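Input: a single structure, listed below in structure tokens.
All of these numbers come straight from a predicted model, not from anything done at the bench. Ligands are counted one by one from 1 in listed order, and the atoms in each one are counted from 1 as well.
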Amino acid sequence: MNIDWSKLGFHYTEPDYIVRAAYHDGAWEEPYATKDKFLHLHVSATCLQYGQEAFEGLKAFRGIDGKIRIFRWRENAKRMKRSAEGLYMQPVPEELFGKAIRLALEKNLDFVPPYGTGATLYFRPLLIGTTPRLGVGPGRDFEFIVIPSPIGPYYPGKFHCTTFIVNRYVDRAAPYGTGQFKVGGNYASSFRATEAAHAMGCDCIFLDAKQHKYIDECSAANFIGIKEVKGDGLQVTGYEYLTPKSSAILPSITNDSLMTLAREMGMKVTRRHIRLEELADMSEAAACGTACVISPIDKVIDTEKGKTYSFGDEPGVVLSQLYHALKDIQYGRAEDKHHWCDVFEI
Ligand code: PLP
Ligand code: COI
């Protein structure tokens, strides 16, 4: 195998094995590894006809001590259960989810990038409806698949800033729609907006679909803003970590972890509706998620209102501190007080 680990981007690299398990006649089969990356799927399967599909994303890290750490996979299993229920699919039991991830790791050890390369082994668990149906309605048969792939950074470059454009012409998800679930339809519905932003070398921020007033999330990541807390003499006495509260956004496991770390660093953590104009009061901003970790934002451009919010060209001190604290846990360089990592000595 000849992979230049440090040159990997967020792209698919064919692993040796994927892992599969089907649900038929009311029972899940045992997960098994296979080299075959193709499905023999009926053309009328509910995943193709009616979008019965959910997915996840999680990472394994080769640590400084040579051990492999998988980060918070139980949270991904729980979220996939919620997504399955949201789309009327059979949830994957947590134990099966864990077994499949472990098998995918064991069968693809050569694809775990070495420590220090910035690359990780990404797992893409996928749940699809496989029952043939033309009548509108859910299926009874499902397939759970884990696709591993070594990946590099989501946004090219190591830890640098990305520009975001405010989008008002495409709504990613309705207030009580599927935005809170990790389902393919949310991404397909955002492509028109994200591709337009990518063509300008940027990514895009989605606003709440009802009023276009509050920040919902970044295209495939949650939004974080940092606000300076000032004392009477206007000196900076601390920082507030702000993140949107919305029924249309994906509850990010990275954001949840960063909120815990921020509290431990003494920050005030607030989850509430955030008006777009409040960006003007923030000293730092970022997108966060498994794929992008923390991607600091240099500018948010609101073309329609002719306004640009700037946060500086370099990652700010607070977000840098949070980024390193999270990575230190994932790579085994800091104590994992919350038992977020499952450690494998293989
Ligand atoms: N929001 C969206 C729409 C995403 O696709 C992702 C990525 O999974 C996130 C947020 C971040 O979630 P997590 O930190 O669990 O990866
Ligand atoms: C992730 O952060 O893991 C994601 O799945 C986001 C995106 C690549 C779909």
Side-chain angles (χ1 to χ4, degrees), residues 8-13 53-61 70-83 86 97 101 119-127 145-156 162 164 167 170-174 177-191 193-195 197-198 203-209 215-224 241 243-262 271 286-295 297 319 322-323 326-327 329-330 340-341:
L8 283 179
F10 193 85
H11 304 294
Y12 177 64
T13 298
E53 184 265 6
F55 71 98
E56 271 302 327
L58 63 151
K59 283 176 175 173
F61 302 81
I70 298 186
F71 191 70
R72 302 193 75 179
W73 68 265
R74 288 173 190 81
E75 295 306 312
N76 294 91
K78 288 192 183 91
R79 191 168 65 189
M80 187 170 235
K81 179 172 185 286
R82 293 197 299 271
S83 300
F97 188 102
I101 296 288
T120 55
L121 183 65
Y122 183 78
F123 298 103
R124 170 56 60 83
L126 183 68
L127 176 65
I145 306 160
V146 176
I147 310 159
S149 174
I151 52 146
Y154 188 67
Y155 293 113
T162 305
F164 280 74
N167 158 74
V170 175
D171 292 324
R172 177 183 168 274
T178 54
Q180 60 190 302
F181 308 127
K182 199 161 169 67
V183 301
N186 295 340
Y187 298 81
S189 65
S190 66
F191 285 164
T194 51
E195 286 305 296
H198 292 167
D203 211 333
C204 82
I205 287 201
F206 290 94
L207 300 178
D208 78 285
I215 298 174
D216 248 359
E217 62 184 334
C218 303
S219 56
N222 275 184
F223 173 84
I224 321 168
Y241 179 115
T243 196
K245 181 177 168 170
S246 164
S247 57
I249 67 175
L250 192 74
S252 156
I253 297 159
T254 312
N255 198 0
D256 180 73
S257 313
L258 292 171
M259 283 191 267
T260 301
L261 296 175
R271 185 187 251 159
C288 75
T290 299
C292 71
V293 194
I294 291 181
S295 278
I297 299 174
L319 289 171
L322 283 165
Y323 173 85
L326 181 66
K327 301 271 275 192
I329 295 170
Q330 293 171 330
W340 283 338
C341 301

Quiz item: Can Phe10 and Tyr122 be said to form a ring-ring contact (aromatic ring centres under 6.0 Å, His included), step by step?
Solution: CA-CA 9 Å; Phe10 193 85; Tyr122 183 78; 5.2 Å; yes
Quiz item: Can you tell me how far the CD atom of Glu56 sits from the CZ atom of Phe97, to the nearest 0.5 Å?
Solution: 5.5 Å
Show the short N or O contacts, below 3.5 Å, that ligand 2 makes with protein N or O atoms; if there are none, say 'none'.
residue: ligand 2; atom: 2 (O); partner: Thr290; partner atom: N; Å: 3.4
residue: ligand 2; atom: 2 (O); partner: Ala291; partner atom: N; Å: 2.8
residue: ligand 2; atom: 3 (O); partner: Tyr122; partner atom: OH; Å: 2.8
residue: ligand 2; atom: 5 (O); partner: Tyr122; partner atom: OH; Å: 2.9
residue: ligand 2; atom: 5 (O); partner: Lys182; partner atom: NZ; Å: 2.9

Exercise. Compile the protein residues with any heavy atom at a distance under 4.0 Å from an atom of ligand 1; present them by chain, then by number.
Key: Arg79, Arg172, Lys182, Tyr187, Glu217, Ser219, Ala220, Ala221, Asn222, Leu250, Ser252, Ile253, Thr254, Cys288, Gly289, Thr290
Quiz item: If you take all heavy atoms of Glu217 and Ile249, which pair is closest and at what distance?
Solution: OE2-CA, 3.5 Å
Practice problem: Scan side-chain atoms only and decide if Ser257 and Arg72 contain a donor-acceptor pair under the 3.5 Å cut-off. | Solution: yes
Self-check item: Donor-acceptor contact below 3.5 Å, side chain Thr120 vs main chain Lys59
Solution: no
Quiz item: Would the Tyr187 and Phe55 ring centres measure less than 6.0 Å apart?
Solution: yes
Quiz item: Where is the tightest heavy-atom contact between Asn186 and Gly179, given as atom of each residue plus distance?
Solution: ND2-CA, 3.8 Å
Quiz item: Would you say the side chains of Asn255 and Tyr241 form a donor-acceptor pair under 3.5 Å?
Solution: yes
Quiz item: So which heavy atom on Phe71 is nearest to which on Cys341, and how close?
Solution: CD1-SG, 4.0 Å
